[in-house]
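Just the heavy atoms: all of them, side chains too, but no hydrogens, waters or symmetry mates, feed the values below. Whatever order the structure lists ligands and atoms in, that order sets their numbers, starting from 1.
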Amino acid sequence: MKFNILTLFPEMFEPLKHSIIERACKQNLININLINIRDFSKDKHKKVDDTPYGGGAGMVVKADVVYDAYNSIQNKNAKVIYLTPQGKTLNQEKVTSLAKEQELTLLCGHYEGIDQRVLDEIVDEEISIGDYVLTGGEIPAMVLIDAVSRYVEGVLSSDSVKEESFSAGHLEYSQYTRPEIFLNRKVPEVLQSGNHKNIDEWRRKSSLVNTYKKRPELLNEEEIKEAKKIIENNEI
Ligand code: 4FD
């Protein structure tokens with residue numbers, strides 16, 4: 001999966017050069033192509049913005065500079081996503097559908113905004129990472145890259161992918177490691193039993209109870225009844 005990133009702040013993408021994403025890049029599973037919009041300024045002072053028509057505060061990024069930066073990308077078939085608070089909210093379903101693409105182009109805007117005409121010309125889809133405003137689209141672009149990269153074949157261990165499909169739609173079960181007793185709290189007996197049928201059943205129940213306590217709106221009537229019963233019977 002290739003990600004082209006159109007940004008005025010390519011240095012902000014440094015965090016992607018670490019951890020799981022770094023390894024995926026080194027294995028050529030993902031490729032991150034940073035394009036500095038400022039490199040396409042025709043101005044001797046590298047200016048990329050100008051005052052808004054109609055007046056008002058702030059500046060607007062010029063259409064031609066963004067368009068030239070976009071046209072420096074080889075593959076014009078790659079879907080162009082504009083990260084903006086006005087976009088459709090990103091969710092796991094959208095993440096998995098984006099992971100099926102071969103290449104994506106991410107356009108990062110700033111509070112000052114980009115001339116509407118170049119947006120109308122190049123943007124295929126507007127995406128938001130949630131209903132709040134940030135100073136730029138760079139962090140949303142990194143959130144999207146991280147979430148989508150997890151679904152690219154080979155990025156996660158096959159074990160992690162299996163565990164995730166097991167808990168699809170519900171929250172994760174609770175996890176424990178040594179010591180066996182911490183501040184008088186014991187690790188659930190069944191997890192030390194070695195009985196994998198019982199362990200799987202305990203984890204299914206733990207997942208259901210966690211979901212009931214933290215995100216009950218994710219459960220149907222039947223699941224709510226079962227969660228209440230598990231809690232009543234002190235099974236978790
Ligand atoms: N919630 C998000 C995306 C971008 C952003 C910007 C227009 C502001 C939040 C275009 C206005 C980009 C989000 C930059 N803030 N700020 O995904």
Side-chain angles (χ1 to χ4, degrees), residues 1-21 30 32-41 43 46-73 76 78-101 103-152 155 215 217-218:
M1 165 79 110
K2 182 171 180 179
F3 295 100
N4 303 299
I5 305 170
L6 295 164
T7 174
L8 282 167
F9 300 95
E11 328 80 56
M12 280 189 71
F13 292 85
E14 201 59 31
L16 290 180
K17 291 164 187 149
H18 301 282
S19 158
I20 292 175
I21 304 304
I30 70 173
I32 294 175
N33 176 31
L34 284 165
I35 300 130
N36 188 346
I37 295 169
R38 195 171 298 281
D39 290 347
F40 297 85
S41 166
D43 187 80
K46 293 271 166 222
K47 200 167 97 87
V48 295
D49 53 12
D50 207 338
T51 54
Y53 272 107
M59 301 289 273
V60 177
V61 179
K62 294 155 73 70
D64 63 318
V65 181
V66 174
Y67 193 58
D68 290 350
Y70 167 74
N71 279 322
S72 77
I73 296 165
K76 298 295 180 303
K79 180 177 276 182
V80 177
I81 296 171
Y82 183 41
L83 288 311
T84 161
Q86 298 178 12
K88 282 255 170 62
T89 311
L90 187 64
N91 60 22
Q92 202 66 0
E93 185 190 342
K94 187 74 210 174
V95 165
T96 53
S97 85
L98 289 175
K100 295 183 173 86
E101 302 281 337
E103 185 168 341
L104 290 173
T105 295
L106 307 179
L107 174 59
C108 306
H110 267 258
Y111 52 90
E112 55 188 350
I114 299 174
D115 189 304
Q116 188 61 41
R117 293 167 295 179
V118 70
L119 298 177
D120 292 343
E121 187 67 27
I122 71 171
V123 173
D124 295 303
E125 196 168 340
E126 297 191 340
I127 293 181
S128 162
I129 62 161
D131 288 338
Y132 39 81
V133 180
L134 304 169
T135 56
E138 282 78 12
I139 292 171
M142 281 188 272
V143 167
L144 186 150
I145 290 167
D146 191 284
V148 170
S149 296
R150 295 177 71 252
Y151 289 95
V152 172
V155 171
R215 299 286 307 277
E217 75 278 13
L218 298 178

message: So V65 and R38, do their side chains get closer than 4.5 Å, heavy atoms only?
response: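 No; the side chains remain at least 4.5 Å from each other.
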field: Residue list, salt bridge (charged side-chain N to carboxylate O under 4.0 Å, His left out) with E125, at least two apart or on another chain
entry: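 E125 satisfies salt bridge (charged side-chain N to carboxylate O under 4.0 Å, His left out) with K79, K94 only.
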message: List the residues meeting salt bridge (charged side-chain N to carboxylate O under 4.0 Å, His left out) with E14, not counting sequence neighbours, and say none if there are none.
response: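 With neighbours one apart ignored, the set is K17.
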task: State which residue, out of L104, I32, I145, V155, fulfils the side-chain contact (heavy atoms from CB on, under 4.5 Å) condition with M1.
output: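 The residue from L104, I32, I145, V155 that satisfies side-chain contact (heavy atoms from CB on, under 4.5 Å) with M1 turns out to be L104.
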Could you give the N/O to N/O pairs under 3.5 Å linking ligand 1 and the protein, each with its distance?
{"residue": "ligand 1", "atom": "1 (N)", "partner": "S128", "partner atom": "OG", "Å": "3.2"}
{"residue": "ligand 1", "atom": "1 (N)", "partner": "G130", "partner atom": "O", "Å": "2.8"}
{"residue": "ligand 1", "atom": "1 (N)", "partner": "Y132", "partner atom": "O", "Å": "3.1"}
{"residue": "ligand 1", "atom": "15 (N)", "partner": "L134", "partner atom": "N", "Å": "2.9"}
{"residue": "ligand 1", "atom": "16 (N)", "partner": "L134", "partner atom": "O", "Å": "3.0"}
{"residue": "ligand 1", "atom": "17 (O)", "partner": "I129", "partner atom": "N", "Å": "2.8"}

message: Under the rule for ring pair (Phe, Tyr, Trp, His ring centres under 6.0 Å), what residues qualify as partners of F9, not counting sequence neighbours?
response: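 Ring pair (Phe, Tyr, Trp, His ring centres under 6.0 Å) list for F9, sorted by chain: H110.
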query: So, for P85 and Y132, which heavy atoms are closest and what is the spacing to 0.1 Å?
result: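 Nearest pair, atom of P85 first, then Y132: CB-O, 4.2 Å.
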